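Structure first, commentary second.
Please read all numbers here as calculations on a predicted model, not as lab measurements.
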Amino acid sequence: MSRRLLEKARFRLAAESGETSRPWGGRLSVALVYPNFYRHAMSNLGYQSVHHLINSREKALCERFFLPDPDDLEEHRRTRTPLFSLESGRLLTDFDLIAFSISFENDYLHLPVLFDLARIPLFSSERGEEHPLILCGGVCAFLNPEPLADIMDFFAVGEAEAILPDLLDELHRWKGSRYDLLENLALFPGIYVPSLYSVGYAEDGTVDRYQSREGAPSRVRRQWVSDLNPTESRTFIRTPEAEFSGMFLTELSRGCSRGCRFCAAGFLYLPPREREMNVLLEQMEEGLDRGEKIGLVGAAVSDYSQSRELNREILNRGGTLSPASLRIDSLTCEEVETLRKSEHRTVSLAPEAGSQRLRDLINKGLSEDQILEAVRLLGEGGIPNLKLYFLIGLPTEEQRDLEEMLELVKKTREIWREEGRKKGRLGKLTLSVNPFIPKPFTPLQWASMEKESRLKEKIRRLRSAVARLPNTEMIAESPREATLQAFFSRGDRRTARILPNLSSGTNLKAACRETGLDPDFYTTRERGPCETFPWEILDSGVPRDYLWKEYKRALEGKSTPRCTPECRRCGICG
């Protein structure tokens, strides 16, 4: 074992405050792995909450593992030091269960590295009774588990609070074989065991059928908790290395009723739910007492029913706050004043599309006047810097849509400059441009992604135009990275075979060529109306015919009113 790596782990652990590790002996031991760096993991509210949930159970303990930092990875390989836990320094093979928490498809590339450092075979077919069971949870597990189906032993399909308690109890009790245990787990709600399903493919390469075995359900239904109030999702462990160091994160709500057609989170976390204000204030108490900024987390923070009262209460208690998102069409002077008092120097808005036609297509429900009015409110309120999020490569996008985006940016800049001059300072306007990725379980899951070469050209033209605007800059997600994300978010079981090559540095096209796959089949191909999708082994709770109708409405330029508990259009919110 490398002394330098052990000392760094001890230093990190000593710098943390909050929860402490639990003693071994008689407890189910769970290794919780985040397939990215420590600083990212400790800023992930889901990861922290699962760690707390497991350790709050008397018969279980949980320790953390991360992707080593680049210089640490070199040290691991040079000294042949296996991956070890932050808390006790134990190896992954010492644990009863290894649980991966995966929120981003591009982190799949780190799995071969982690398995290699753990001295555990990457593919489940090569593992035996001597290896721990391997579980995958997180949003990727219930968005599309199939690209990892040959790697993970089983998946948690849905929210941890609804699945983990019964699962942990069963694992603690079980004394039989690995195969028998997986057979048994497949009967639990929200547990998907891919080895119990065979996949058939049609001549054109699309999924033809799934066949379940051993009594496993034909589809696995996503699980969620109906009442968030008894649950906790907040900062439990503080560390100066976290990306949001000094901020106390608290989850207000889950789900979103807006129905943006591109947004996976808006459909995967239905129905919309929120915590009562008194529950939130109790959970925030520790952060307020320490003088930390309260980070409000949720898919639709501005839609929180008691948002105004909550903001006032946080300020009245001497706190400051930072919302994860702002709704352009509901922004108020009072909200802007709250942001100013909380010393926000940059606020982000998400028009998503520059033209009204494309905003209608994605069901954003925003007009240009609403966008510009929100910009004016923020400028008048003294917020110095503004960030705007846009998607490019949306279905049916044309050059005129990009030109309208630039016109909107120019109008925004004029307002920002005018308000800045009144305040005697000119802040910065930033455009964040991201390629559109058609995600599973959204109305746009049938759409194709634009080719990487065309995305690069659009970004080049936009960057050239923005460069001529003073006090304005543009940042853009790499089309290469976005294409890789699309490949795995829309992939089937066959895509896992390219992971070792990708992890070693081979690009997507070359890795696919070496394994006989066509990347365009997964990314830039428009899906047929009757095609069976790999991810439909899961039941998200939103009917496919509803999503198809929404896709057709999108192409017709028709918007859909926001969802309410009374509407029952999608069959889930009611």
Side-chain angles (χ1 to χ4, degrees), residues 31-36 65 67 77 82-83 91-102 104-138 140-141 143-157 177-183 185-186 191-201 205 207 210-214 216 220 484 487-506 508 510-517 519 522 534-535 537-538:
L32 186 60
V33 187
Y34 192 87
N36 210 310
F65 291 78
L67 178 73
R77 287 170 170 164
L83 202 64
L91 307 185
L92 276 168
T93 48
D94 294 334
F95 289 78
D96 299 312
L97 175 69
I98 299 173
F100 281 86
S101 176
I102 309 183
F104 307 101
E105 291 90 351
N106 287 20
D107 284 344
Y108 294 177
L109 272 64
H110 302 142
L111 294 178
V113 174
L114 292 167
F115 276 83
D116 180 60
L117 290 176
R119 314 292 193 262
I120 296 175
L122 177 64
F123 293 101
S124 59
S125 61
E126 299 171 8
R127 299 194 292 265
E129 292 288 342
E130 72 277 15
H131 295 110
L133 280 175
I134 298 180
L135 164 69
C136 181
C140 287
L143 182 66
N144 179 13
E146 286 304 276
L148 302 182
D150 288 341
I151 294 174
M152 304 297 173
D153 291 317
F154 63 114
F155 293 82
V157 180
S177 72
R178 180 191 194 90
Y179 183 81
D180 289 343
L181 173 58
L182 289 172
E183 268 191 330
L185 291 179
I191 297 298
Y192 172 45
V193 182
S195 60
L196 300 182
Y197 297 79
S198 59
V199 188
Y201 298 96
V207 173
Y210 275 94
Q211 183 65 47
S212 60
R213 304 195 303 271
E214 315 294 348
V220 179
L484 186 63
F487 178 82
F488 283 118
S489 68
R490 296 162 65 76
D492 53 42
R493 293 193 182 189
R494 296 169 293 189
T495 58
R497 67 180 76 155
I498 77 166
L499 272 175
N501 290 348
L502 285 175
S503 183
S504 65
T506 306
L508 179 60
C512 284
R513 187 164 55 247
E514 292 172 10
T515 50
L517 297 178
Y522 297 100
W535 49 90
I537 188 63
L538 308 183

Neighbour count above 12 (heavy atom, 6.0 Å) for Y210 OH: yes
Is there side-chain contact between Y179 and L196, with heavy atoms separated by less than 4.5 Å? yes
Taking the side chain as every heavy atom from C-beta outward, state whether S195 and D153 have any atom pair closer than 4.5 Å. no
What is the distance from atom CG of L508 to atom CZ of F487, rounded to the nearest 0.5 Å? 5.5 Å
Checking D492 side chain against E146 main chain: does a donor-acceptor pair fall under 3.5 Å? no
Can you give me the closest heavy-atom contact between Y192 and R493, atom names plus distance? OH-NH2, 2.9 Å
Gap separating the CD1 atom of I98 from the CG atom of L92, nearest 0.5 angstrom: 4.5 Å
Given side chains that start at C-beta, do those of L181 and F154 come closer than 4.5 Å, heavy atoms only? no
So, using side-chain contact (heavy atoms from CB on, under 4.5 Å) as the criterion, who are the partners of E129 when residues are at least two apart? S177, R178
Could you check whether atom CD of E514 has more than 12 heavy atoms from other residues, nucleotides or ligands sitting under 6.0 Å from it? yes
Kindly compute the distance separating CD1 (I498) from OG (S503), expressed to the nearest 0.5 Å. 11.0 Å
I need the minimum non-hydrogen distance between F488 and T495, along with the two atoms involved. CE2-O, 3.9 Å
Mind checking the OH-CD1 spacing from Y197 to I537? Nearest 0.5 Å is all I need. 5.5 Å
Checking I134 against S124 for the side chain to side chain contact (heavy atoms under 4.5 Å, CB included) test, could you report, in this order, the C-alpha distance in whole Å, the side-chain angles of both residues, the deciding distance, and whether it holds? CA-CA 9 Å; I134 298 180; S124 59; over 6 Å; no
Is a donor on one side and an acceptor on the other found under 3.5 Å between the side chain of D150 and the backbone of F123? no
Is there a donor-acceptor pair closer than 3.5 Å between any side-chain N or O of T506 and the backbone N or O of N501? yes
Is the shortest heavy-atom distance from the side chain of M152 to the side chain of P194 under 4.5 Å? no
Shortest non-hydrogen contact from P132 to L97? CB-N, 4.5 Å
Determine whether F95 and V33 make a side-chain contact, defined as any pair of heavy atoms from C-beta on separated by less than 4.5 Å. no
Under the criterion side chain to side chain contact (heavy atoms under 4.5 Å, CB included), I'd like the reasoning laid out for L32 against Y34: C-alpha separation, chi angles, the key distance, then a yes or no. CA-CA 7 Å; L32 186 60; Y34 192 87; over 6 Å; no
What distance do L91 atom CG and D94 atom CG have between them, rounded to the nearest 0.5 Å? 5.0 Å
Find out whether L143 and L538 are in side-chain contact, i.e. whether some heavy atom of one side chain is under 4.5 Å from a heavy atom of the other. no
Spell out, as yes or no, whether a donor-acceptor pair under 3.5 Å connects the side chain of R494 to the backbone of L517. no
Expected list for residues 107-121: side-chain donor-acceptor pairs under 3.5 angstrom, two or more places apart:
| unit_1 | atom_1 | unit_2 | atom_2 | d |
| --- | --- | --- | --- | --- |
| D107 | OD1 | N36 | ND2 | 2.8 |
| H110 | ND1 | P35 | O | 2.8 |
| R119 | NH1 | D116 | O | 3.3 |
| R119 | NH1 | L117 | O | 3.2 |
| R119 | NH2 | R80 | O | 3.1 |

State, yes or no, whether a side-chain contact exists between I191 and F155 at a heavy-atom distance under 4.5 Å. no
Where do Y201 and V207 land on the side chain to side chain contact (heavy atoms under 4.5 Å, CB included) test, with the steps shown first? CA-CA 5 Å; Y201 298 96; V207 173; 4.0 Å; yes
Output yes when a side-chain donor or acceptor of R497 lies under 3.5 Å from a complementary backbone atom of C512, and no otherwise. no
Side chain proximity check, I151 to L122, heavy atoms < 4.5 angstrom: yes
